[in-house]
Amino acid sequence: GNVAAYGGGLYNLGVMRVYNSTIANNVALYYGGIYNRGELYVENSTIAGNQAAYNGGGVSNFAAATLVGTAIIGNRAETGAGVLALANVSGSRIAPETTLTNCTVAGNVATSAGGGVWANDVLNVVNTIVAGNVANTAADLAEKTAFLNERFYKQKRGKIVVICMDGTGGETIVDDTCQVAHVQFA
């Protein structure tokens with residue numbers, strides 16, 4: 001693994017395609033595995049064992065990222081240990097959007113929130129398993145925080161949509177920018 005201040009494994013500012021690869025055991029202050037501020041496509045890969053002292057252990061997206069058939073496992077960070085999907089703060093003209101299709105996000109550990117996924121912008125999750133992650137708040141999925149009240153959502157996004165069960169009978173609250181289909185929360 002590599003050691004860096006930002007983006008321990010990969011740091012993308014342009015267009016990056018990753019196929020059949022392993023990004024593992026990288027360490028950074030921020031964004032341990034992949035730090036994306038461009039256009040990222042990852043297919044049939046493993047992102048595992050990466051660590052960030054602060055945010056984004058596995059994949060950190062500030063622009064456009066699509067992951068297909070990829071395992072995001074055993075990463076660690078304060079927030080967003082598996083996937084950190086943030087609104088574009090980089091000044092790029094790329095609309096921020098993170099898409100996970102046929103992926104597994106499991107065994108990631110956040111010391112604060114979002115062990116599996118922490119998102120505050122467009123998140124598309126299709127046929128993906130998000131399970132067995134650990135965090136003090138919102139172990140599998142946190143949207144800003146998973147425990148915002150309805151009034152905040154109405155003021156922020158126009159409406160509230162409750163779309164996922166967390167496996168214990170509780171609900172995971174996700175705002176109306178998230179598109180979720182065939183997702184397992186265990």
Side-chain angles (χ1 to χ4, degrees), residues 1 7-12 15-26 31-52 55-77 79-87 94-110 113-135 138-144 146 163-167 172-175 177-186:
L10 301 173
Y11 186 158
N12 179 40
V15 176
M16 180 179 287
R17 307 275 186 252
V18 178
Y19 298 95
N20 305 311
S21 297
T22 299
I23 295 108
N25 304 317
N26 299 289
Y31 327 124
I34 299 174
Y35 177 25
N36 181 51
R37 291 176 54 179
E39 294 181 34
L40 174 68
Y41 182 85
V42 179
E43 186 174 330
N44 296 328
S45 294
T46 300
I47 301 163
N50 300 289
Q51 296 182 36
N55 300 326
V59 177
S60 302
N61 181 43
F62 290 80
T66 300
L67 289 85
V68 177
T70 293
I72 303 161
I73 53 176
N75 300 287
R76 302 179 71 86
T79 303
V83 177
L84 180 71
L86 292 177
I94 300 169
E97 185 168 346
T98 303
T99 300
L100 304 173
T101 303
N102 300 323
C103 292
T104 298
V105 182
N108 300 288
V109 178
V117 179
W118 194 99
N120 76 351
D121 217 297
V122 179
L123 174 66
N124 304 299
V125 184
V126 180
N127 295 327
T128 289
I129 296 169
V130 182
N133 299 288
V134 176
D140 287 322
L141 173 65
E143 196 289 320
K144 193 78 171 186
I163 55 176
C164 297
M165 299 303 288
D166 69 6
T172 298
I173 298 171
V174 183
D175 75 25
T177 64
C178 292
Q179 307 297 316
V180 178
H182 307 294
V183 179
Q184 282 183 264
F185 289 89

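- Between Asn55 and Ser60 the shortest heavy-atom distance is O-OG, 4.4 Å.
- Asn20 contributes atom CG, which lies 9.0 Å from atom OG1 of Thr70 (distance to the nearest 0.5 angstrom).
- In this structure, Val68 and Asn44 have side chains that are not in contact, with every pair of non-hydrogen atoms separated by 4.5 Å or more.
- Closest approach of Gly80 and Ala110 over heavy atoms only: N-CB, 4.4 Å.
- Looking at heavy atoms from C-beta onward, Ile34 lies in side-chain contact with Leu40 at the 4.5 angstrom threshold.
- Side-chain atoms of Asn133 never come within 3.5 Å of backbone atoms of Gly82 as a donor-acceptor pair (strictly under, hydrogens ignored).
- Side-chain polar atoms of Tyr41 and Glu43 form a donor-acceptor pair below 3.5 angstrom.
- Asn75 and Gln51 share no donor-acceptor pair across their side chains, judged by distance under 3.5 Å alone.
- Counting all heavy atoms, side chain and backbone alike, Gly32 lies closest to Ala52 at N-CB, 3.7 Å.
- A heavy-atom distance below 4.5 Å is found between the side chains of Trp118 and Leu86.
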### Query
Under the side-chain contact (heavy atoms from CB on, under 4.5 Å) criterion, do Val105 and Leu100 qualify, and how do the steps go?
CA-CA 9 Å; Val105 182; Leu100 304 173; 4.3 Å; yes
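- Ring centroids of Phe62 and Tyr35 are separated by less than 6.0 Å, placing the two rings close together.
- Residues Ala63 and Gly38 approach most closely at CB-O, 3.0 Å, considering heavy atoms.
- Within the 4.5 Å cutoff, the side chain of Ile23 has heavy atoms near those of the Leu10 side chain.
- The shortest side-chain heavy-atom distance between Val134 and Asn108 does not fall under the 4.5 Å cut-off.
- Using a 4.5 Å cut-off on side-chain heavy atoms (C-beta onward), Val117 and Leu123 make contact.
- The closest side-chain heavy-atom distance from Ile47 to Leu67 is below 4.5 Å.
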### Task
Start with the C-alpha distance between Thr98 and Val83, add both sets of side-chain angles, then the distance that settles side-chain contact (heavy atoms from CB on, under 4.5 Å), and finish with yes or no.
CA-CA 9 Å; Thr98 303; Val83 177; 4.2 Å; yes
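- In plain terms, the two heavy atoms of Gly115 and Ala135 that are nearest each other are N-CB, 3.5 Å.
- Counting all heavy atoms, side chain and backbone alike, Val109 lies closest to Ala81 at O-CB, 3.1 Å.
- Using a 4.5 Å heavy-atom threshold, the side chains of Met16 and Asn36 count as separate.
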